[in-house]
Amino acid sequence: MGNASNGHDSSPSFACEARKACVKFRSLFSLNSHLFFDTSMSVGIVQEQVASAITNALLEARKRGALQSTNFPEPVIDFPKREEWGDLSSNVAMSMAKEEKRPPLEVAQVIADQLRTSCPLLEKVSVAPPGFLNFTLRPDCWFSVLEEVERTGDRYGHGTVGQGQRVLLEFVSANPTGPLHMGHGRGAALGEALARLLQAAGYEVDKEYYINDAGRQMKLLADSVYARYLELHDRECSFPEDGYHGDYIKVLAQALNREKGSEILNLASDAARRECGQWASEQLVRAIKDDLERFGVTFETWYSEASLFSAGKIEAALQALEQRDLVFIRDEATWFRSSEFQDEKDRVVRKQDGDYTYLASDIAYHFDKLQRGYEWLINVWGADHHGYVPRMKAAVNAFGYGDDSLRVVLVQMVRLLRGGEKVEMSKRAGEFITLQDVVDEVGADAAKFFFLMRRSDTHLEFDLELAKKQSSENPVYYVQYAHARLASLFRTARERGFPVLPVGDAPLAALVQPEELWLVKQLSSFPGLLEASAGALEPHRITFYLQELAGLLHVFYYKHRVLPPRIDGVKEDEAGEDGEPSELVREDLSKELTMARLVLLKQVQTVLKNGLGLLGVSAPETM
RNA sequence: GCGCCUGUAGCUCAGUGGAUAGAGCACUGGCCUCCGGAGCCAGGUGCCGCAGGUUCAAAUCCUGCCAGGCGCGCCA
C-alpha cells in the first residue's frame, strides 16, 4: 500500500484521534459456541473479521499443539495508538499468557505465525512488547466498510444487542408548576438521545413523562394562582408562604380570569382552589409540551400521578407489597420494609394523617410500569435526587424484579454562562432562564448538542455566546458544517456531471492517501461506538466521535481535491522550483480518483447524519 | 456523622485494564487563482488529588485519606 510520505510524517493530530476513536471490540461469544457472527453485526465488520481470524488461529494452533489453554479469552480488537504499529491490534496474547504459562511475547509469536499462514486479509502481522499483536490489513479490506454504510444507509451502525427488549424511558417529568428551565433541557436532550441510541441498539423504547399533578406542589400551585386571581378582583388574600412567585402565575391568573370571569369567586374556597389548580396545571402541562416539541422532544405517554389515585393503583401496589409481608404499621403510619433490599432504613408510605407519601405514588407508578410489560426501566433524574435511588430499587426488587431492571441516570446542574460570565438565576425570586429562552437564543440544535457534550453526571457549563458562534470554536457548527460542506460538494458534482456511483461500481483502488484511510477507519468504528454508548447510557460519546469525524473530513478536504479544477487555464506550474513540495498536494485528479472520493465522502456524510440524528440534531444541507 | 458523585494541561473536559495519557478553548505564528476559509497547519505544557494494594500491565479495579458538590423528612 502506498504508505508513502515517511519523510515529513507530521501526521496531524487527528490521525491520533482517529485511531483513538477506537471502540474496542469484544467478542460476545465464547469459543465453544458456534455463534460467531450471530448478534454482533454491530461492532464493525472489519474488526469482526480480524477477531474471528484470531479465534480461528487460536483453535488451529491448539489443534497442532502450539497452544495448551482450554479456555481462550475473548479477543479484543483495538486501534493501535500509533500509526506505525498498524491498522488494528489485539492483546489476546497477554491475557492468555498466564494460562499458557509462557511469556506474552512468546504466545503472541505463536498466534502471529498461525495468522500469517491462515489469514489472507492481513498484509502484515507483527509482535510488539509486552505482547501486542499488530495487524496491517490489505487496504481493500477497509472498503467493505463503505459497502456496509451504503447497504445499511440510515441504519448503519445499528445493532441488535437490545434483542427487542421493551424499555420504558422516563425523563423530564418536571412538576407542572412552572416553565421548564435549563436543567430540564439537559434532561430532555439526554432522554431523547438515549431513546434514539437504545432504539438503534435494538431495544424497543417508549418515552414517558410523569406528571406530578398530585400532592403538595399542586396545592401550592393552586393556592398561588387562586391568590393572584383574587388580587385581580381586589379581594383580600395573603399570598402563600411557599407559593410560586414567578410572573407566569399572574399571567395564568389573568388567562383564567379571561376564560372564567368571576365565576370562581362564587365557589367555596376549597372548590375554588381545586378549580384553579387543575386549570393551571393543565395549562402548564400544555406549555411544557409545546416547549418540548419546539425543542424536538416528544413522548409516547404523559402519565398522570393523579390517575394513580383515581384508578386505585396506590392501594393495589401497597397490597401487593403487603402480600409479600413488606409493609408494617408503626406509630400509626404505614411503612415499606425497604431495608430488606439495600436501602438504609424503612420508609413511610402512608402518613399518620392517612395521606400517602410521594414514595407511595412512585412505588405504584413503577409497579405499573412493570405490569405494563417493560423489561427495563430507565429514569433520568436530577442528581439531587440520588438519595432516592436505593428506595426505588428496593421497590422494584420488592416486586420480584432484579436490580438491573431499573437504571437511574443522574443529570447534574447546568451552569449558564454568557461570554464566560456566569448568568445568575434565582428560582425563589422567580427569575430564571427558561429552556425556551435558550432555544430562542441559540436554537434547538445547538442547545441539544451542548447539553450532550458532557457526561451527564458532571456539571455542565453552557455558554450562550459560544453556542451562537458560527465558527470552529463552536462544536455543533463544526460538525454541521462538515455535513453541509459535503452536501454542497455533491450539488456541485451533479451540476458538473459527476454522479455518485454505487460503492460496488466505484474504482476504490484509487483511494490510497492516508487521509482517505483515516476516514474509512473512523467510519468503521461507528457501530462499536454506538453499541458502547448505548450500553453505558452515554450519548456524549457520540458528540466526541462526530467532532473527530468532522475534523478528519476537514483535514482531507483541505489537503485534497475531489472535483477537477473548473478552469483549465490553471497552469501546470512548476510548484516548488527548488524541489520544495507545497503543502497542498497537487495531484493528478484522474476521473477514477474523483469518482472514488465522491463515493467515500458520500458514506462519510451518511455517518455524520446518522450520528447527528442520534443526538436529535439536524444535519443541514446548507447553512 | 452516614451515603452518592466529582478530582486528568491555564480553562472546559474526553479517556469501556494495555504501548510514549488526549481533544476543544485560550495564546502565538502561518495558509485562499480552484469543490463552502463557517476551513486547515505549526508551536507545550501534566506528582492523572494523595498513599497503599490487586495485575504481566492501573488515570481506569480495591482500601484508606484529602478537597469540592449533592443528598440524608410521616416534603415533593
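Below, read A as the first sequence line, B as the second, and so on, with proteins coming before strands; counting in each chain starts at 1. Computed from a predicted structure; not experimentally measured.
Look at the C1' atom in both U6(B) and C50(B): the space between them is 16 Å, to the nearest Å. Going from the C1' atom of U55(B) to that of G39(B) covers 46 Å, rounded to whole Å. Distance check on atom C1': G3(B) versus C48(B) gives 26 Å, rounded to whole Å. Nucleotides G64(B) and A19(B), compared at atom P, are 28 Å apart to the nearest Å. Between the C1' atoms of G71(B) and G15(B), the separation comes to 29 Å (whole Å).
Rounding to the nearest 0.5 Å gives a distance of 8.5 Å between CZ of Phe72(A) and CD of Glu99(A).
Within a 6.0 Å sphere centred on NZ of Lys351(A), other residues, nucleotides and ligands contribute more than 12 heavy atoms.
The side chain of Met94(A) approaches C56(B) more closely than any other nucleotide in the set A76(B), C56(B), G37(B). Closest approach to the Arg541(A) side chain among C35(B), C40(B), G15(B) is made by G15(B) (side chain taken as heavy atoms from C-beta onward). Relative to the side chain of Arg216(A), the nucleotides A19(B), C70(B), A76(B) differ in distance, and A76(B) lies closest.
Put simply, the side chain of Thr357(A) and the base of A76(B) share no donor and acceptor less than 3.5 Å apart. Side chain Asp384(A) to base G71(B): no donor-acceptor pair is found below 3.5 Å. One N or O donor and one acceptor, one from the side chain of Asn134(A) and one from the base of A19(B), sit under 3.5 Å apart. Evaluation of atom-type donor-acceptor distances gives no pair under 3.5 Å for the side chain of His459(A) against the base of G69(B).
Rounded to whole Å, the distance from CG on Leu466(A) to P on C13(B) is 13 Å.
For Ser456(A) against Leu190(A), the heavy-atom pair with the smallest separation is CB-CD2, 3.8 Å.
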